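Quick caveat, the model's predicted, so the values are computed rather than measured. All heavy atoms count here, side chains included; hydrogens, waters and symmetry mates do not.
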Amino acid sequence: MFFSHVSGLTFFLLMLPAVLNLWTIWHALRHAFPLEKERVIWVLAGIFLPLLGGILYLLFGLKRSKPLR
């Protein structure tokens, strides 16, 4: 499939999991968590669980993160 034959909505839906997981990894690396190894777990979830890792981070990890000082 060539991307020139894909409509804008289809392209957005195809890129959504990748963008969500890249944001998950970026956000987890730049924030602190209550548990020491939790950051590593979220980064690994973003890498190895394509769509599920990003959704789980939005639901559970985002609330637990604190900005690094």
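- Of all heavy-atom pairs between Asn21 and Gly46, the closest is ND2-O, 3.0 Å.
- Atom NE2 of His31 and atom CG of Leu68 lie 7.5 Å apart (nearest 0.5 Å).
- Apart from Leu62 itself, the hydrophobic cluster it occupies contains Leu20, Trp23, Trp26, Phe33, Trp42, Leu49, Leu51, Leu52, Ile55, Leu56, Tyr57, Leu58, Leu59, Phe60, where clustering links Ile, Leu, Val, Met, Phe, Trp and Tyr at side-chain heavy-atom distances under 4.5 Å.
- Cluster note: Phe48 groups with Ile25, Leu29, Val40, Val43, Leu44, Ile47 through ILVMFWY side-chain heavy atoms spaced under 4.5 Å, whether in direct contact or through intervening members.
- Taking OG of Ser65 as the reference point, atom CZ of Arg39 lies at 10.5 Å (rounded to 0.5 Å).
- When each of Lys66, Arg64, Lys63 is tested with Glu38 by the rule salt bridge (charged side-chain N to carboxylate O under 4.0 Å, His left out), just one qualifies, namely Arg64.
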